[in-house]
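Worksheet: the structure to be examined is printed underneath.
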Amino acid sequence: MSAVVVVHGIGRQHSGANSMHGPVSAALRDGLNRAGVTDVKSDSVRVAFYGHLFRPPGTAPTKGEPAYSHRDVTDPFEIELLNRWWAEAHRVDPDRVPPPVATGTSKATTPLSVQRALYALSRSRFFARTADRFLIGILKQLRLYLTTPDVRERVQAEIAAAVTADTRVIVGHSLGSIVSYEALCAHPEWPVHTFVTLGSPLGIPNLVFDRLLPEPYSGKGIWPGNVRAWTNLCDRHDVVALTKRLSPLFSDGDNVVRDVLINNGWQAHAIESHLTAAETGNAIAEGLRLAR
């Protein structure tokens with residue numbers, strides 16, 4: 001039985017469904033406990049894992065991330081997202097992060113401008129503990145999923161394999177929220193009626209929102225599948241979740257996204273911090289009550 005399926009985010013290529021299950025299930029049940037629900041067992045939670053699809057052949061866990069440098073950031077998608085993160089990091093952390101440097105379009109793709117962006121982000125509280133190579137890896141995984149049909153198809157297959165006839169709630173974190181959203185849209189026959197997104201980049205215009213499948217129509221994203229309740233949670237300091245409110249983009253008539261801001265401390269984007277929040281527990285608990 002897997003009443004709740006959790007879809008992880010970026011940077012988990014050296015992990016696995018079993019190794020993630022323990023901490024994810026524990027954090028989720030802590031959140032439920034804070035919402036007054038204490039009868040959910042660990043085996044009611046399943047991790048839908050796709051991170052291995054981004055693991056380069058021959059890479060062992062001890063070798064960490066590929067040795068990316070600023071010179072590896074040349075794709076326009078990656079550069080634009082990097083600069084948007086810089087602007088958002090300055091907005092939420094202006095005392096530590098300098099404002100983006102105004103450069104002409106012709107200079108936007110120079111290694112120096114990328115290096116400046118990476119340095120600025122390293123000064124933010126959000127990215128302070130993130131090495132450049134890991135940050136660049138995040139850019140590349142997001143781009144690969146959104147622009148490479150074969151990668152997208154294989155990721156979607158992993159999610160579909162994790163959903164069972166017992167699944168009622170899907171929780172998507174970071175890139176996992178994009179993956180989950182597209183999976184729900186593709187499978188309206190699924191019995192899933194509650195969708196919870198954590199630290200979601202779904203609303204980033206042009207780079208993410210406008211690349212979704214199915215494509216948005218007249219500026220509105222398609223409502224996902226059989227979902228009756230959608231709660232979107234993020235920390236106000238989360239740089240990855242650039243668009244904090246998804247309701248204006250996806251709500252449609254009686255279907256309304258409930259946007260909730262939470263406080264995750266210095267781990268603004270971490271999945272465990274999201275899952276242990278009472279607000280997240282309330283959203284998941286609501287879905288489990290609907291299933292009874």
Side-chain angles (χ1 to χ4, degrees), residues 9-11 68-148 172-179 181 197-212 215-216 219 221 232-250 259 261 264 267-270 274:
I10 291 171
Y68 291 126
S69 77
H70 62 281
R71 296 186 182 278
D72 294 303
V73 183
T74 58
D75 187 276
F77 178 103
E78 296 170 9
I79 292 165
E80 183 176 350
L81 183 55
L82 185 66
N83 284 322
R84 290 197 192 186
W85 282 349
W86 183 359
E88 180 69 359
H90 171 68
R91 187 187 72 80
V92 302
D93 213 357
D95 294 336
R96 296 171 62 99
V97 181
V101 177
T103 59
T105 304
S106 63
K107 296 183 180 179
T109 60
T110 65
L112 180 58
S113 64
V114 171
Q115 196 170 27
R116 285 172 177 163
L118 291 169
Y119 172 74
L121 287 171
S122 73
R123 293 174 59 85
S124 74
R125 291 180 177 87
F126 186 87
F127 285 117
R129 296 167 179 81
T130 303
D132 283 359
R133 63 180 183 274
F134 182 77
L135 180 56
I136 295 168
I138 292 175
L139 294 169
K140 292 187 178 296
Q141 282 191 21
L142 186 57
R143 175 181 60 80
L144 279 171
Y145 178 78
L146 290 169
T147 64
T148 311
H173 172 244
S174 191
L175 172 57
S177 69
I178 300 172
V179 172
Y181 168 81
T197 49
L198 311 174
S200 177
L202 269 166
I204 302 177
N206 301 320
L207 295 177
V208 177
F209 180 73
D210 296 286
R211 296 174 187 263
L212 293 174
E215 296 179 3
N232 175 59
L233 301 106
C234 72
D235 188 292
R236 67 179 70 251
H237 295 105
D238 190 338
V239 173
V240 172
L242 282 172
T243 302
K244 304 294 190 284
R245 297 183 64 245
L246 297 183
S247 180
L249 295 172
F250 292 97
D259 291 303
L261 284 176
N264 287 339
Q267 291 186 315
H269 191 66
H274 276 93

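The analysis underlying the following values was restricted to heavy atoms, covering all of them including side chains, and did not include hydrogens, waters or symmetry mates.
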Among residues at least two apart in sequence or on other chains, which ones pass salt bridge (Lys or Arg N to Asp or Glu O under 4.0 Å) with [X]?
{"X": "Arg96", "value": "Asp93"}
{"X": "Asp259", "value": "none"}
{"X": "Arg91", "value": "Glu88"}

*May I have the step-by-step check of side chain to side chain contact (heavy atoms under 4.5 Å, CB included) for Tyr181 and Leu246, ending in yes or no?*
CA-CA 12 Å; Tyr181 168 81; Leu246 297 183; over 6 Å; no

Any side-chain heavy-atom pair of [X] and [Y] under 4.5 Å:
{"X": "Pro98", "Y": "Arg123", "answer": "yes"}
{"X": "Val240", "Y": "Ile138", "answer": "no"}
{"X": "Arg143", "Y": "Leu81", "answer": "no"}
{"X": "Val97", "Y": "Phe126", "answer": "no"}

- Short question: side chain of Asp235, backbone of Asn264 - any donor-acceptor pair under 3.5 Å? yes

Subject >> Test log, rule side chain to side chain contact (heavy atoms under 4.5 Å, CB included), inputs Leu139 and Asp75 >> reply: CA-CA 10 Å; Leu139 294 169; Asp75 187 276; over 6 Å; no

[atom2] on [Y] to [atom1] on [X], rounded to 0.5 Å:
{"X": "Leu118", "Y": "His70", "atom1": "CG", "atom2": "NE2", "value": "8.5 Å"}
{"X": "Ile10", "Y": "Leu142", "atom1": "CD1", "atom2": "CG", "value": "5.0 Å"}
{"X": "Glu80", "Y": "Leu207", "atom1": "CD", "atom2": "CG", "value": "4.0 Å"}

Listed partners of [X] passing side-chain contact (heavy atoms from CB on, under 4.5 Å), at least two apart:
{"X": "Leu249", "answer": "Phe209, Thr243"}
{"X": "Ala117", "answer": "Leu82, Asn83, Trp86"}
{"X": "Arg236", "answer": "Leu261"}
{"X": "Ser177", "answer": "Thr197, Ser200, Pro201, Leu202"}

If every non-hydrogen atom of [X] is compared with every non-hydrogen atom of [Y], which pair is closest and at what distance?
{"X": "Thr74", "Y": "Arg71", "answer": "CG2-O, 3.6 Å"}
{"X": "Thr147", "Y": "Arg211", "answer": "CG2-NH1, 3.5 Å"}
{"X": "Lys244", "Y": "Cys234", "answer": "CD-SG, 3.4 Å"}
{"X": "His173", "Y": "Ala270", "answer": "NE2-C, 4.0 Å"}

Of all residues at least two apart in sequence or in a different chain, which pass the side chain to side chain donor-acceptor pair (under 3.5 Å) check with [X]?
{"X": "His269", "result": "Ser174, Asp238"}
{"X": "Asp72", "result": "none"}
{"X": "Tyr145", "result": "Gln156, Glu182"}
{"X": "Ser247", "result": "Ser251"}

Does the side chain to side chain contact (heavy atoms under 4.5 Å, CB included) test come out yes or no for Asn232 and Phe250, once each step is laid out? CA-CA 11 Å; Asn232 175 59; Phe250 292 97; over 6 Å; no

